[in-house]
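Atoms considered below: every heavy atom in the structure, side chains included; atoms not considered: hydrogens, waters and symmetry mates. From a predicted model like this one, the values you see are computed outputs, not experimental measurements. First the proteins, then the strands, lettered A, B, ... as listed; each starts at 1.
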Number of protein chains: 2
Amino acid sequence: MTRAEEIYQRLRADILNGRHEPGSRLRVEALKEKYGASSGVLREALPRLVGQGLATFAPQQGFRVVTVSPEHLEELTEARVFIETHLVRESVTAGTIEWESDLLAAHHHLARVPFFGDAGEINEGWLNAHARFHRVLLEGCPNRPLRDIATQLREVAEVYRCWARTPTEHSGRDIAAEHKAMCDRAIERDVPGVVEALSRHITITTRLLLDDYRRREEESRQDRGASST
Amino acid sequence: MTRAEEIYQRLRADILNGRHEPGSRLRVEALKEKYGASSGVLREALPRLVGQGLATFAPQQGFRVVTVSPEHLEELTEARVFIETHLVRESVTAGTIEWESDLLAAHHHLARVPFFGDAGEINEGWLNAHARFHRVLLEGCPNRPLRDIATQLREVAEVYRCWARTPTEHSGRDIAAEHKAMCDRAIERDVPGVVEALSRHITITTRLLLDDYRRREEESRQDRGASST
DNA sequence: TTTCAAAAAAATCTCGAGATTTCGTTGACG
DNA sequence: CGTCAACGAAATCTCGAGATTTTTTTGAAA
């Protein structure tokens with residue numbers, strides 16, 4: 001493992017977990033100290049994040065974590081539903097026995113990992129298991145470029161999850177049941193069933209995140225009003 | 001324009017024009033001399049190509065231009081047809097008057113630029129106009145993430161065009177008529193017509209490229225046979 | 001109090017040199 | 001003649017320093 005590779009992985013994980021706030025600057029000087037790497041290494045790792053859509057870059061102004069907005073999230077969700085439903089349809093239709101096994105394994109793992117960590121934060125292990133489950137679900141489809149795109153879009157969407165204040169586990173939602181439904185329908189080769197389950201899974205998450213965002217906007221508006229009077 | 005930005009643009013153009021052969025190594029030492037830049041600048045520009053899918057990277061082994069294969073091209077084409085037909089449907093449905101104007105302008109430009117350059121090579125201006133036309137065609141759709149993905153896939157596909165020995169203009173194909181048909185159907189808001197035209201446009205190009213590839217494989221097999229006897 | 005300009009601080013951009021790893025070559029051995 | 005190991009060349013990886021640009025701070029004037 002090369003130095004730049006390691007730093008890239010850590011930076012990526014830290015963005016996906018919300019340890020770098022969306023829209024915040026990624027100053028090379030600050031990161032040099034935080035990650036214990038030279039500027040050269042960082043200037044090699046950061047462009048890879050840009051290519052993955054997790055960061056942006058402007059000349060003479062450095063790097064930033066990708067910025068979030070309700071409009072972007074809605075567009076992102078629309079794109080994900082479009083691509084992932086297609087992929088899952090192909091995947092369930094063409095998936096082999098090995099794929100079935102992988103899916104069962106991924107779901108079992110996801111079902112056993114706790115959502116919350118010791119500190120009340122979202123457990124990083126759950127995030128990894130969740131990402132793996134969704135990746136494997138689509139892996140029965142042989143089209144590599146499309147699968148890569150789906151993974152890329154999911155990763156950007158992950159930024160929104162960790163940016164939300166209220167974990168999407170709440171709101172009376174049974175996320176484990178949703179995953180179980182997708183897994184079961186997939187194994188049963190119930191194509192319409194799995195498409196429906198995945199589609200709802202994605203849109204429900206987005207709706208909760210948008211509600212969270214609007215609630216936060218409302219509160220900050222009230223705060224501003226209270227402080228200015 | 002920063003130095004790394006400039007080098008990135010030149011590298012990208014050189015790959016898209018076939019001046020760097022698919023699968024060939026991109027040695028930092030060699031590039032340093034060729035582009036007159038330091039290793040630091042190159043190590044910042046190259047990862048951006050990786051993120052765009054135009055290059056690959058392996059630790060301790062450096063960078064390579066993306067490798068090509070018939071299977072990859074077929075998957076790529078399938079993905080493009082899937083995504084671009086969706087986008088063009090949305091685009092033609094939702095496109096504004098400004099979009100119509102942009103499309104007409106882009107088509108006019110493309111129709112006037114010659115396909116071949118003075119040296120008998122594919123004219124770089126044509127490649128740019130062609131890329132612009134296809135981009136504008138889909139730009140009526142407001143979904144930014146999907147448009148970006150379509151552009152990314154098209155760029156990777158461009159590598160295949162310049163890698164082919166026989167330009168896709170040949171084979172009795174009237175590529176200008178295809179573009180005109182797409183443009184006309186789009187302005188007429190003939191959704192099924194434009195979807196059909198775009199779909200055929202993409203698949204025909206791929207078929208010609210695959211034919212070219214198989215012909216080349218056949219010849220090289222004969223050459224090997226002749227040289228070994 | 002607000003506005004504007006100049007100076008200071010900080011960050012980015014660029015470069016070349018040294019340490020480490022990989023790849024090709026040569027030579028000896030079976 | 002084929003295989004394997006050691007040597008040498010080349011490329012990658014990493015780092016810190018200097019030049020340029022941006023941002024912030026400071027202070028004076030309206």
Engineer: When the distance from CG of A:L42 to C1' of D:dC15 is rounded to whole Å, what number comes out?
Structural biologist: 12 Å
Engineer: May I have the distance from B:E44 (atom CD) to D:dT14 (atom C1'), rounded to whole angstrom?
Structural biologist: 15 Å
Engineer: State yes or no: are the ring centers of A:H179 and A:H134 separated by less than 6.0 Å?
Structural biologist: yes
Engineer: Which nucleotide in the list D:dT22, C:dC15, C:dT22 gets nearest to the side chain of B:R3?
Structural biologist: C:dC15
Engineer: Looking at the side chain of B:Q60, which of D:dT14, C:dT12, C:dT22 is the nearest nucleotide?
Structural biologist: C:dT22
Engineer: Assign each of A:G62 and B:A37 to its nearest nucleotide of DNA chain C by heavy atoms, then name whichever residue's nucleotide is nearer the 5' end.
Structural biologist: A:G62
Engineer: From the set D:dT14, C:dC15, D:dT23, return the single nucleotide nearest to any side-chain atom of A:Q61.
Structural biologist: D:dT23
Engineer: B:R43 CZ to C:dC13 C1': how many Å, rounded?
Structural biologist: 17 Å
Engineer: So if I take every side-chain heavy atom of B:V41 and compare against D:dC15, C:dC15, C:dT12, which nucleotide ends up nearest?
Structural biologist: C:dC15
Engineer: If I take atom CD in residue B:E6 and atom P in nucleotide C:dC13, what distance separates them, rounded to the nearest angstrom?
Structural biologist: 14 Å
Engineer: When you get a sec, tell me which of C:dC13, D:dC13, D:dA11 is the closest nucleotide to the side chain of B:F57?
Structural biologist: D:dC13
Engineer: A:D14 and A:Y35: side chain to side chain donor-acceptor pair (under 3.5 Å), yes or no, with the steps?
Structural biologist: CA-CA 11 Å; A:D14 286 348; A:Y35 291 92; 2.6 Å; yes
Engineer: Looking at B:V159, B:V156, B:V66, which hits side-chain contact (heavy atoms from CB on, under 4.5 Å) with B:I15?
Structural biologist: B:V159
Engineer: Can you check the B:Y35 OH to C:dC15 P distance for me, whole Å?
Structural biologist: 16 Å
Engineer: Does the side chain of A:R27 get closer than 4.0 angstrom to OP1 or OP2 of C:dA10 through an N or O atom?
Structural biologist: no
Engineer: Please tell me if A:S39 has a side-chain N or O lying less than 4.0 Å from either OP1 or OP2 of D:dG16.
Structural biologist: no
Engineer: What about the rings of B:Y8 and A:F57, do their centers lie closer together than 6.0 Å?
Structural biologist: no
Engineer: Contact class for B:A30 vs. all strands (heavy atom < 4.0 Å): base, sugar-phosphate, or nothing?
Structural biologist: nothing
Engineer: Could you check how far CG of B:L31 sits from P of D:dA11, rounded to whole Å?
Structural biologist: 12 Å
Engineer: Residues two or more places apart in sequence or in another chain: which of them pass ring pair (Phe, Tyr, Trp, His ring centres under 6.0 Å) with A:H20?
Structural biologist: none
Engineer: Using atom CD of A:E33 as one end and atom P of D:dC15 as the other, report the distance to the nearest whole Å.
Structural biologist: 15 Å
Engineer: Could you check how far CD of A:E5 sits from P of C:dT21, rounded to whole Å?
Structural biologist: 17 Å
